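Bear in mind that the values here come from a model prediction, so they are computed numbers and not experimental data. Every heavy atom of this structure was used, including side-chain atoms; hydrogens, water molecules and symmetry mates were not.
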Amino acid sequence: SMRKWATDNKFNYDDACRETDNIVCRYLNTPLSEYSTKFAKIDQSPASLHAGSDKPNTYAITDYDWCFLFGLNKQVSISNHMIHTQIDNVHHYYGIDDVEVIEKYTGVKLTNCFDYEDLSTVHLYDGDDYIGSFSEITPAQRFGPDKDMRAVGKLTAINEKVKAHRAKKRSEIKDIEVTVQEDDYSEVLVMQGGMMPKHNHEAAESAYLLNEWQCDDEEIKVDIRKQY
């Protein structure tokens with residue numbers, strides 16, 4: 001049988017694949033004139049002819065688009081500022097260093113696209129929308145000759161980045177908050193619902209309506225649709 005022949009002749013699948021690749025590469029880089037009488041006057045190889053062609057109907061695409069179209073993909077979600085996935089029963093970890101992505105997509109199911117030949121980077125998509133590309137983090141090795149703690153440093157840097165981003169947002173929110181006085185009935189403040197504390201917004205709305213009722217010469221018109 002074929003299995004017995006392969007065993008007797010010490011057949012190795014990986015060696016066969018490498019030899020096949022070498023044969024194809026030699027063919028692609030050998031001038032046509034060396035083996036074809038039909039193209040005896042063409043001293044270029046198939047690879048050089050292809051590289052020199054105009055290729056009018058081709059379009060350059062990015063690595064992440066290539067992975068989305070032709071690579072492998074699986075569903076993942078962001079947790080603790082990283083994604084964890086298994087590929088061929090091997091665990092892989094990728095750090096998410098974009099604070100906007102962490103804030104928006106933590107816990108959300110995303111499509112993880114990758115090139116099986118290069119697992120150092122993965123590309124995340126939300127449906128058809130590209131989110132970003134992220135690099136692999138090798139798990140920390142605390143002991144032994146292969147001790148490697150770089151993963152701890154990378155995750156610490158991401159955590160600090162997230163903390164700084166959150167502190168900045170809190171500061172911006174405080175700058176937006178407006179302290180409303182009892183006699184402050186600005187219509188602008190009434191329209192800032194969601195950008196100030198609830199009690200301040202209610203106070204501004206009450207002051208505005210009270211002022212409207214005190215104006216006897218004007219007709220009161222309150223459009224609830226404009227309050228939100």
Side-chain angles (χ1 to χ4, degrees), residues 60-180 188-204 227-228:
I61 62 173
T62 59
D63 290 342
Y64 55 83
D65 279 335
W66 186 93
C67 288
F68 181 72
L69 294 171
F70 308 110
L72 302 178
N73 65 77
K74 62 187 304 186
Q75 295 295 305
V76 297
S77 59
I78 299 173
S79 177
N80 296 324
H81 314 332
M82 67 171 67
I83 58 174
H84 168 220
T85 185
Q86 279 186 269
I87 302 173
D88 282 349
N89 295 320
V90 177
H91 293 268
H92 295 269
Y93 301 87
Y94 298 87
I96 309 300
D97 55 1
D98 187 324
V99 292
E100 297 290 346
V101 172
I102 292 173
E103 188 175 73
K104 184 176 181 180
Y105 292 104
T106 293
V108 177
K109 286 293 184 181
L110 302 171
T111 303
N112 175 30
C113 304
F114 55 92
D115 180 358
Y116 187 77
E117 300 296 328
D118 181 11
L119 299 177
S120 62
T121 303
V122 294
H123 315 283
L124 297 183
Y125 278 81
D126 180 14
D128 293 334
D129 298 326
Y130 171 67
I131 297 174
S133 300
F134 304 96
S135 300
E136 184 175 17
I137 293 180
T138 303
Q141 180 70 35
R142 298 179 60 188
F143 307 105
D146 297 327
K147 180 178 179 180
D148 186 353
M149 300 297 291
R150 286 177 295 177
V152 176
K154 291 179 180 178
L155 290 177
T156 300
I158 292 175
N159 287 329
E160 293 299 325
K161 192 175 181 180
V162 171
K163 288 180 181 178
H165 176 73
R166 289 174 178 170
K168 181 181 178 182
K169 291 199 73 173
R170 283 195 294 267
S171 176
E172 291 175 350
I173 292 173
K174 287 182 179 179
D175 291 340
I176 293 174
E177 291 179 354
V178 180
T179 302
V180 180
V188 174
L189 296 180
V190 176
M191 293 188 295
Q192 287 185 327
M195 300 179 67
M196 63 172 64
K198 183 179 178 181
H199 65 276
N200 283 351
H201 178 260
E202 290 176 347
Q227 306 305 311
Y228 302 94

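Pairs of residues two or more places apart, or lying in two chains, that qualify as salt bridge (charged side-chain N to carboxylate O under 4.0 Å, His left out) and include a residue from residues 98-108 are E103-K169. Sorted by first and then second residue, the salt bridge (charged side-chain N to carboxylate O under 4.0 Å, His left out) pairs with a member in residues 105-117 form an empty list; sequence neighbours excluded.
Inspection of the D63 and H123 side chains reveals no N or O donor paired with an N or O acceptor under 3.5 Å.
Considering all non-hydrogen atoms of both residues, S133 and Y130 come closest at OG-OH, 2.7 Å.
Under the rule for a side-chain contact (heavy atoms from CB on, under 4.5 Å), the partners of T106 that lie at least two apart in sequence or sit in another chain are I78, I102. Residues satisfying the side-chain hydrogen bond (donor to acceptor under 3.5 Å, both in side chains) test with T85, not counting sequence neighbours, are K74. Here D126 pairs with nothing under the side-chain hydrogen bond (donor to acceptor under 3.5 Å, both in side chains) rule; sequence neighbours left out. Contacts of Y125 classified as side-chain hydrogen bond (donor to acceptor under 3.5 Å, both in side chains), with partners at least two apart in sequence or in another chain: D65. Contacts of S77 classified as side-chain contact (heavy atoms from CB on, under 4.5 Å), with partners at least two apart in sequence or in another chain: none. In this view, Q75 and T111 satisfy the side-chain hydrogen bond (donor to acceptor under 3.5 Å, both in side chains) rule, not counting sequence neighbours. Partners of F134 by ring pair (Phe, Tyr, Trp, His ring centres under 6.0 Å), not counting sequence neighbours: none found.
Between F114 and I87 there is a side-chain heavy-atom pair separated by less than 4.5 Å. Contact annotation: the side chain of D128 approaches that of F68 to within less than 4.5 Å [non-hydrogen atoms, C-beta and beyond]. In this structure, N73 and N112 have side chains that are not in contact, with every pair of non-hydrogen atoms separated by 4.5 Å or more.
Taking CD1 of I131 as the start and OH of Y105 as the end, the distance is 4.5 Å to the nearest 0.5 Å. Considering CD1 of I96 and OG of S135, their distance stands at 9.5 Å, rounded to 0.5 Å. A distance of 11.5 Å separates CG in L124 from SG in C67, rounded to the nearest 0.5 Å.
Using cut-offs of 30° and 60° on the angle between ring planes, the pair H91 and Y93 is parallel.
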